[in-house]
Every structure is written in C-alpha cells, then in structure tokens.
Amino acid sequence: MKSSNSFWKEKLAEQMPEHLAREIDIFETEITLRKQGKLEERLFAETRLRRGAYGQRYDNGQRSDGQKVQKLNFSSGDLTKGPNTMWDAPGMQRIKVPGGGLNAAQLEVMAELAEEYSDGIAHVTTRQDFQLHYVHIDDAPALMRRLATADITTREACGNSVRNVTACPYAGVCTDEAFDVTPYAQALAKFLLGHPDCQSFGRKFKPAFSGCAQHACGLTGLHDLGLIAKSRVNEVTGREELGFEMYVGGGLGAVPYQAKLFDSFVPPDELLPLAQAIARVFARHGEKKNRNRARIKFLIQDLGIEKFRELVREERKILPFDPRWTEYIREARAEFAEGPLKPAVNVPELVLINSANGSGPELQKWLKFNTRPQRQPGFVTVTVALPLGDITANQLRSLADIVRRFTRETIRTTVEQNFVIRWVSKGDLPELYKALHAVGLGDAGAGALVDITSCPGTDTCKLGISSSRGLAAELRRRVSEKSFTSDQAIQNLHIKISGCFNSCGQHHVADLGFYGVSRKIAGYAVPHFQVVLGGQWEQNAGSYGLPVVAVPSKNIPIVVSRLTERYLADRTNGETFKDFVMRTGKAQLKVLLEDLTKPPAGDRSFFSDWGDPREYTLGDLGDGECAGEVVSALDFGLAAAERELFEAQLAHEKGEVEVAGRSAYHAMVTAAKALVQIENADVGNNPDQIVQEFRTRYYDTQLFFDPFAGGKFANYLFDAHRKTGQQYTSESSRYLIDEAQLFIDAAHSCSNRLGTLVSA
Amino acid sequence: MRSILEEEVAVELQHVNVKLLLENPEDLNLDAVITVFHSWIQDQVCEELLLDVADYRHVHHGPGVVLIGHEADYAIDNTDGRLGIRYNRKAPLEGSNQDRLAQAVRAVLAAAERLHQDTRLNGKLHFNSQGFEIFVNDRLLAPNVAETRHALEAEFHDFLGVLFGGIEYSLKFESDPRRLFGAKIRTAEPIAVSDLRLNLAVGESSSYDIV
C-alpha cells in the first residue's frame with residue numbers, strides 16, 4: 001500500500017544477507033501469483049503465515065459495530081489472502097527475535113516499521129517476539145527487507161513451523177545458571193530455520209532454553225522442546241561436563257501439558273542432531289488432519305515417552321552427518337559473546353539513592369523491582385517494564401540511545417513482555433534511571449503484581465473472546481499503588497491474562513490467571529473470564545493452575561482484591577499463593593467468589609467489555625490461524641515449482657533467455673523432487689539424483705503417466721535434463737516454459753491420483 | 001527507467017500526517033473519545049473506510065486513541081506529550097504535493113469540527129487555533145535529511161501561506177534525522193477551523209496559482 005514499497009528492494013539490495021533477500025523475493029512473487037489467481041488461497045495463507053504475516057480480527061470483512069454486523073467494503077473486492085481473509089484487511093506481522101537478543105540498530109529499525117507500517121506501537125510478546133498490528137499485506141515485503149538489513153527475519157514466525165527459539169534473558173549473567181545457553185539457543189534457531197525436516201509439521205513447534213531449573217525465565221516446562229543447562233562431573237575423568245536436560249511435549253492451550261523428561265543429559269554436540277531427529281519423528285508421526293491433536297504433546301501422549309524416545313534414537317542413528325551441528329555452536333559462541341562498555345563500579349544502594357537528586361523514593365522502588373545483580377561483580381541487569389508489552393517508536397529510539405550510552409548494546413526481550421538491559425555498571429544506575437524515566441520507561445514494578453502479562457485478545461486477535469488487554473489496563477491502574485505498599489507476599493504475585501482458552505497470555509502459570517469465556521445472561525452474551533488460580537511461574541513453569549469459576553469481566557478487579565486480601569489474612573507463615581490455593585481448595589475458593597458470578601441487576605455496563613463501549617458479541621470471532629493451514633511438503637514443492645516457472649516467464653519477457661530456460665528447467669526438477677520426496681525425504685538437491693529417482697519411482701512404475709498422454713510429460717523433464725548445459729534461444733526457452741507448465745500440471749494430477757494431498 | 005534514488009527533482013509527498021494541537025488537553029476525557037470513534041465506525045462518517053479503535057492510553061506519550069481506517073487513521077495522539085487530533089494518510093493519493101497536503105489538512109479539520117461539535121465530549125475537545133504539525137510518514141520518499149528539506153521547504157511555505165490566509169507563522173523542521181521528516185508550525189495569532197477550511201477552499205479554486 002505504501003508508495004515506496006517497490007523502491008526498497010533497489011535501495012537495500014546490497015545491504016541484505018543474500019539468503020534473506022532471496023526469501024523475500026520469493027514471497028513477493030507469491031503475492032503477485034496470488035493476485036493473479038495462480039496460487040490457491042490455502043497455500044498462500046500458509047506461505048504468508050510462515051513469513052509471520054498473520055490474520056487479524058475482522059479480516060473476514062465484517063465487524064459488529066455494537067448495533068449491527070457491518071460489511072467492510074475493502075477496495076480489493078473478493079481477493080483473499082487465505083480462506084475467508086480479505087486481501088486489504090489489516091494483519092499482524094510477527095517478527096522473530098531468537099533468545100530475545102537485540103542491538104540498538106535493530107531497535108531503531110523496529111521503531112521505523114512501527115511508525116510507517118503499523119500504528120506507531122511495537123508489541124513485545126510472551127515468546128520474546130515483536131508484533132506489529134494493522135499491517136497491510138502489500139507492505140510486508142518492504143517491511144521484511146528493512147528488517148533483513150538489520151539481520152532480522154520473520155520467517156517461520158507463524159504457521160506450522162519451528163517458532164521463535166526463546167531463552168532466559170539473563171543467560172550469561174545470571175547468578176545461578178549452570179552456563180550461558182545463548183550460543184546454543186542461537187545455533188538451534190539458525191539450524192532449524194527453514195530446515196527441510198521442519199517443513200511438514202501438523203502444527204507449530206516451540207523450543208525454549210533455560211540456564212537453571214529453579215527460576216521461571218525460560219519456561220521450559222510449557223514448551224514443545226525445553227532445554228535446561230546442566231553441569232555434571234564425569235565419573236571416569238572427574239572433569240566437569242556441560243550439557244542439557246532435555247524435555248519434550250509441554251504446551252499450554254486449552255488443556256496444558258507438562259513437558260516430559262526426554263534425556264537427563266544431552267552433550268552440546270548432540271543438541272542439534274537430536275532436535276533434528278525429534279523434528280523428523282514429529283513430522284512423520286504427528287497428527288496432520290485433526291489440528292486439535294496435532295501438537296507434539298499429543299503424539300507423545302499417544303505413543304508414550306519411551307516409544308517416542310525409541311523412535312527418536314533410531315532416527316538419530318540414521319541421520320546423515322551434518323557439519324553444521326557443531327559449526328553453528330562454535331560460530332555462535334564467538335558471535336554472541338558479551339561484555340561491558342564501562343568498568344564495574346560497586347556502589348551501596350543507599351549511596352545510589354542519595355545520589356539521585358529528588359528522585360530517591362522512586363529510584364528506591366525501581367532499584368528494588370527492576371534491577372538484579374549479575375554474576376559479574378559490579379554489574380547489574382535492568383528491566384524496562386512495558387505496560388501491556390507496548391512501546392512507542394520514539395521510546396524505541398530512546399532505548400537505542402540508552403543502551404548505546406550505558407552498554408555494548410546488550411538488551412533482550414523477555415517472556416513477561418519487557419526488556420532487560422544487561423551489563424550495566426552499578427554506578428550508572430541513577431543516570432540510567434533518569435534517562436529511562438525521561439522517556440516514560442522508568443516505571444518500577446517489573447515482575448511484580450502490576451507487571452501484568454496479556455495477549456492481544458479481542459483488540460486484534462480473531463480468536464479473542466474477552467478483552468484481555470482492556471482488563472489488564474484496568475487492573476494495572478487499580479493495583480499500581482498496591483504493588484508497592486502491600487505486603488511483600490502480594491507484591492510478588494503474578495497476574496496473566498489470555499483473551500481465550502488458547503493461553504497466549506500464559507494464564508496457566510500465573511498466581512492469578514484469567515482467560516476469556518462468554519456466558520449468556522438474560523438472553524445476552526456477557527464477557528467473562530475464567531479464574532485460574534495457583535499456577536507456578538517458578539521452576540520453569542513448574543505446575544499449572546486450578547480453574548475455579550467464570551466471573552463477568554467487570555467483576556474481575558473485585559476478584560483480585562478479594563483473593564489477595566483472603567490470602568493475606570489466611571496464609572500460614574511463608575505460605576505461597578499456590579500452596580494457599582491448594583490448601584483452601586476449589587470448593588472454598590468458589591464459595592468466596594460465588595456472589596461475583598452474576599452481574600448486578602440492571603447494570604448494563606456488564607454487557608460490554610473493558611475499553612470497548614460496544615454491546616458485547618461473539619459475532620466477531622474468526623477462524624484462527626494459530627494452527628496454520630495444513631499443507632504438505634508436496635504442496636509446497638509444487639507451489640515452489642509454479643513460482644520458478646513464473647520467474648522463467650518474467651525473465652523471458654525481459655529477453656533474458658538463458659535465465660528463462662534455466663528457471664523453466666529447474667521448475668520441472670523442483671516439481672519432480674516434490675514427488676520423489678514422498679518416498680525419499682533425503683533426496684537432496686542434485687538434479688541427476690532427482691531425475692534418476694523420478695524415473696525409477698514414477699516413470700518406470702507409470703505412476704506419473706497421464707491417462708491419455710502416457711509418459712509424454714515426464715519425457716519433457718528427461719529431455720530438458722539431457723540438454724542442460726546447452727545454450728537456450730528465445731524460441732527454445734519459450735518451448736521449455738510451455739513444457740514445464742505441462743509437466744507441473746501433470747505433477748499436480750499425479751499428486752491427486754496418489755491421494756497425497758492432505759485435506760485441511 | 002530511472003530509479004527514485006537517482007531522482008534529484010521534487011520529492012513526492014505521500015502519506016502526509018497532520019496534527020492539530022488541542023486546547024486544555026488535561027480536560028479531555030479520552031474514554032468518551034473511544035465511544036465517539038466507535039460511533040464514527042457505526043455511521044462510517046468519513047471518506048475513508050473505518051475499521052477499529054485502538055486504545056494506547058497506557059503508553060507514555062504514545063498514539064493515544066487511534067481510529068484505524070483502511071486509507072487513513074485518525075487519532076487523539078499524544079506523541080511528544082503534545083495532545084492533538086492527528087490524521088495519518090496511509091493509502092497513496094493522486095495529484096500534486098499541494099493536493100495531498102490539502103487532502104490531509106481537510107480531513108483533519110473535518111475531524112476536528114466533528115469532534116468539537118460532539119455533545120458526548122462536552123465541548124472540551126477543541127483545536128488550540130495555533131499549533132500544527134505536518135510530517136511525512138515514509139522514510140524512503142522523504143528521508144529526514146537536508147536534501148528533503150531543501151526540496152520541500154518551498155512546498156510547505158506555499159501551502160501554509162494559502163492555509164493561513166496570510167497570517168504569519170513560525171515553522172521548525174524536525175532535527176533528529178531518525179524521526180520522520182516534518183515540521184512543527186505555530187501561527188502568530190489564532191485562526192479558527194472554519195477559517196482554515198475556507199482558506200483551503202479558496203486556495204483550491206485558484207490552485208494553479210499556487211503550484
């Protein structure tokens with residue numbers, strides 16, 4: 001939609017890593033093909049999701065305005081970017097940040113993109129990603145190119161793929177970690193990105209790293225693949241060895257699963273191959289048709305952890321050696337090494353407070369909640385608490401200035417939707433606080449009651465049932481003072497809110513968790529939240545909370561104050577909130593909240609949600625895209641062949657006959673490979689091998705034969721392959737393009753005959 | 001074809017943003033603005049297709065309350081702690097730079113008038129009659145560098161001369177090269193929304209004289 005979109009490619013041509021540039025060119029071609037009706041909407045949906053371009057609420061072209069359902073007449077007419085998803089409707093762009101690690105330039109790029117393509121706000125997610133909302137799909141390639149210049153990709157940020165690899169934001173500086181997991185998280189992210197073994201999952205796959213077992217920062221217990229740093233002494237050599245405790249099959253969603261121990265000690269060199277073997281087993285055995293049971297947690301539940309482990313071990317044995325297994329870790333160790341900008345200065349807290357002119361009490365609160373000593377003496381980490389995970393473009397630029405001024409640009413996002421600045425010399429704290437405070441980023445209360453986590457909910461999510469952000473903003477306002485003046489036990493509680501049962505707000509692991517539901521009262525839908533109590537944030541999300549009762553949204557603030565007051569009054573010495581909940585029991589807790597489950601008679605305010613004056617309705621719910629579209633590797637392969645053929649046609653139009661001929665030939669090879677891969681996933685990229693295997697598996701068996709034309713179309717491939725190396729003329733490349741089109745059409749027909757297309 | 005990077009001639013103004021600063025911003029109840037913006041969607045009162053309302057009041061000096069549209073957004077925006085009515089043109093426009101500036105200003109003035117007249121806001125939302133911001137939300141078309149300023153300064157003055165009907169004004173360009181190209185403008189004396197609209201209309205009728 002931006003006038004400048006077509007110019008960014010030229011401007012940034014020399015500044016993007018080649019692999020990212022190519023990836024974005026491909027996506028741009030797919031956009032063109034979709035607009036021309038040459039790429040089916042289901043395929044386009046999955047391919048855009050795998051680039052992080054997500055749908056958003058009302059993108060089905062209708063919206064309840066509180067009185068009626070309004071049709072949104074977008075100028076793009078009937079053109080869609082996925083099933084029931086209008087082309088012109090704004091969407092969400094998710095941006096992956098492996099391990100949450102950023103530098104100042106990346107913050108500045110994020111600021112520019114938030115300003116130019118979104119609504120001026122960048123949102124930090126509960127998986128250390130960024131999200132920009134209200135982005136037009138036509139702007140996505142330019143946006144992605146600008147990210148690519150800062151070495152950031154959106155690839156596989158959504159869809160049925162390996163999502164962002166998260167890691168403890170204190171990795172490398174934490175006082176009680178076994179070792180720094182950063183290079184391993186980065187290496188795994190790089191290795192699995194676009195990996196052929198990760199392209200045909202039935203659902204998403206989320207890895208996470210933690211430096212220790214006891215804290216929450218990595219949340220490994222709720223991830224598909226969780227890795228906890230561990231050291232042990234080798235019984236034979238007596239030397240210390242580093243490795244990982246590996247967990248699999250955790251996940252939240254409607255029914256949360258705790259990850260199961262897969263291996264108590266995985267040596268670093270085995271980390272990547274074992275993850276690859278797990279990906280293969282998931283791709284091969286995981287559910288594809290029923291999306292509600294397609295996460296790896298269900299596969300492990302069905303097989304049992306022992307059988308799953310056995311399959312993975314067998315797969316590991318036959319994996320072809322890949323030098324990247326160790327190379328990537330070695331490279332990441334060098335690339336992600338960190339250190340301070342300034343020398344360590346150890347200053348007592350009292351001196352710090354006294355040195356802050358006039359801001360002593362505020363600084364004191366901030367020091368208490370937002371700073372944490374590093375294991376390197378004299379250095380601390382500083383948490384920048386973001387309200388609801390939101391930050392403006394100007395704040396991002398200021399933050400870039402601040403991290404340049406005080407550190408070597410060492411900053412990470414957190415799963416609590418905040419930033420952590422690392423390697424701050426303790427003596428700089430008053431000045432750093434002043435700088436943050438000046439731009440509205442100096443709020444105290446990080447990790448405390450006021451630091452509420454929330455998913456986007458009904459604000460922008462198609463699946464949102466209740467306004468999680470509206471509630472979070474209201475609770476934040478009400479508990480902000482309580483956060484600092486109440487008992488320490490209350491100050492440290494966690495509130496997490498999801499707009500629906502899908503748990504993006506991670507409500508299962510909060511002391512006080514809420515997720516959106518709706519109830520009918522007097523014939524009207526009323527927004528509610530299910531109250532989930534006593535989840536455990538610590539121990540890497542050690543246990544999940546207890547659903548107690550659903551309460552109207554507008555009564556949730558009373559629920560919070562009533563529960564915290566009861567906890568304070570009833571708790572035994574040192575009892576945690578989780579233990580208090582378990583001891584009190586669901587029945588008693590329900591009694592405590594029972595009178596809040598119905599709106600007061602005659603109070604119409606309960607029929608609308610927080611921050612939204614419209615009469616509440618479920619009519620705006622859309623089809624979720626979390627699950628992506630189930631598209632097989634064959635579908636993707638054939639779509640890639642179509643795209644290559646399109647590129648051949650464009651080249652021919654420009655008179656580039658050599659490029660046209662080569663691209664047309666390659667399009668046929670790609671289509672052939674897609675078919676071969678059904679039987680041999682490891683076929684590789686060598687055209688000789690692909691053509692040979694295609695001949696054996698599809699020509700000799702006549703599986704590829706057209707009912708009328710027989711093996712004619714296969715012969716187009718064999719002829720073209722035989723002639724590789726010969727020069728193309730305008731005429732010969734034109735013929736080859738036509739033949740390639742017929743070959744690809746025949747590959748589609750073959751695929752249909754084989755019944756290999758997976759229905760969504 | 002010459003690329004835009006080689007162009008040395010006029011900067012193409014697209015994605016023009018205009019902000020009118022508000023009088024007594026502390027008196028304004030933004031809860032009521034949310035209700036009003038929702039009603040604008042119900043009635044589709046603007047030329048643009050209106051889609052949604054985004055509430056960013058929790059963010060320090062942020063976009064405030066945004067009425068998201070397809071072709072443009074409207075907001076009660078608090079960037080830099082300067083509360084104002086902001087129009088953010090997203091879809092490209094045909095015409096000259098003067099046309100595009102005029103379109104954005106017309107849209108924000110219409111919004112200002114509509115908000116001022118809305119009884120749900122108790123007459124508390126009104127333009128302070130002197131403070132304006134104009135900026136270009138596209139760093140490729142209008143990077144915030146001296147060359148852009150050189151290319152657009154005369155365009156801005158031509159336009160503002162017509163808009164203010166000869167009233168003197170001061171103009172300060174944004175100095176941080178990382179921020180959007182644009183300027184903060186203040187007239188020497190107050191000027192009413194109705195007069196601004198009138199001046200624009202007069203300017204349009206003689207637009208060939210302006211360019």
Side-chain angles (χ1 to χ4, degrees), chain A residues 1-8 10-11 56-58 63 65-68 70 72-75 88-90 108 111-112 115-117 119-121 133-134 136 139 142 146 386-388 390-395 397 400-401 439-443 459-460 469-470 472-473 476-477 611-614, chain B residues 3-7 12-15 17 31-32 34-44 49-66 68-71 73 75 77-81 86 88 90-93 135-142 176 178-180:
Chain A
M1 186 138 105
K2 284 273 187 187
S3 311
S4 56
N5 281 346
S6 56
F7 300 114
W8 280 109
E10 183 187 349
K11 182 176 168 71
Q56 211 177 290
R57 208 164 176 88
Y58 318 123
R63 177 185 189 273
D65 65 14
Q67 295 174 351
K68 60 188 180 304
Q70 243 184 29
L72 304 172
N73 292 312
F74 292 109
S75 49
D88 265 347
E108 287 169 338
E112 291 184 1
E115 218 160 35
E116 290 181 54
Y117 302 110
D119 54 4
I121 291 288
H133 293 94
Y134 305 106
H136 196 284
D139 292 341
R146 295 171 76 176
L386 303 180
L388 313 189
D390 289 347
I391 185 165
T392 68
N394 284 341
Q395 285 178 321
R397 280 188 282 270
D401 293 338
V439 293
L441 292 172
D443 285 355
D459 277 15
T460 50
R469 278 167 63 87
R476 209 174 161 274
R477 196 177 61 75
D612 190 339
R614 290 175 293 169
Chain B
S3 84
I4 193 167
L5 305 175
E6 295 162 333
E7 297 281 351
E12 184 191 357
L13 271 180
Q14 291 283 8
H15 316 299
N17 278 227
D31 279 338
I34 293 176
T35 303
V36 170
F37 277 170
H38 274 287
S39 73
W40 286 18
I41 302 176
Q42 278 167 1
D43 302 331
Q44 288 292 332
L49 175 63
L50 302 176
L51 303 172
D52 204 2
V53 180
D55 179 1
Y56 294 118
R57 286 175 294 169
H58 52 278
V59 181
H60 176 80
H61 290 179
V65 177
V66 189
I68 306 285
H70 175 55
E71 297 88 354
D73 295 341
D77 173 275
N78 195 30
T79 301
D80 294 331
R86 173 172 166 178
N88 167 20
K90 300 195 287 191
L93 282 171
F135 42 101
V136 187
N137 195 4
D138 191 308
R139 285 180 171 79
L140 194 137
L141 298 180
D176 183 347
R178 295 179 304 174
R179 294 181 63 156
L180 295 171

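All values below were derived from every heavy atom in this structure, side-chain atoms included, with hydrogens, water molecules and symmetry-related copies excluded. Chain naming here is simple, since letters A, B, ... match the order of the sequence lines and numbering starts at 1 in each. What you see is a predicted model; the values in this text were computed from it and never measured.
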In Å and rounded to the nearest 0.5 Å, what is the [atom1] to [atom2] distance from [X] to [Y]?
X      : Y     : atom1 : atom2 : value
A:M1   : B:Q14 : CE    : CD    : 11.5 Å
B:Q44  : A:D65 : CD    : CG    : 8.5 Å
A:R477 : B:R57 : CZ    : CZ    : 9.5 Å

What heavy-atom pair brings [X] and [Y] nearest, and what distance separates the two atoms?
X     : Y      : value
A:Q70 : B:D43  : NE2-N, 4.5 Å
B:V59 : A:D390 : CG2-CB, 3.7 Å
B:I34 : A:G611 : CG2-O, 3.9 Å

Kindly indicate whether the side chain of [X], heavy atoms from C-beta on, has any atom under 4.5 Å from the side chain of [Y].
X      : Y      : result
A:R63  : B:I41  : yes
A:H133 : B:D52  : no
B:Y56  : A:D119 : yes
B:D138 : A:E116 : yes

Selection from [options] maximising heavy-atom pairs under 4.5 Å formed with chain B:
options                : answer
A:V439, A:N73, A:L386  : A:V439
A:D443, A:L388, A:I391 : A:L388
A:R476, A:K68, A:R614  : A:R614

Worked check of side chain to side chain contact (heavy atoms under 4.5 Å, CB included) between B:L140 and A:K2: CA-CA 10 Å; B:L140 194 137; A:K2 284 273 187 187; over 6 Å; no
Please look at [X] and chain B and tell me whether the side chain, the backbone, both or neither of the residue comes under 4.5 angstrom of a heavy atom of that chain.
X      : answer
A:Y117 : neither
A:D139 : neither
A:R469 : side chain
A:N394 : side chain
A:P387 : both
A:R57  : neither
A:R397 : both
A:E115 : both

Contact origin within B:L51 toward chain A - heavy atom pairs under 4.5 Å: both
Heavy-atom contact with chain A under 4.5 Å, split by part of B:S39: neither
Residue pair B:H61, A:T392: steps toward the side chain to side chain donor-acceptor pair (under 3.5 Å) verdict: CA-CA 8 Å; B:H61 290 179; A:T392 68; over 6 Å; no
side-chain hydrogen bond (donor to acceptor under 3.5 Å, both in side chains) against A:D88, all qualifying residues, sequence neighbours excluded: A:S75, A:S76, A:H136, B:H70
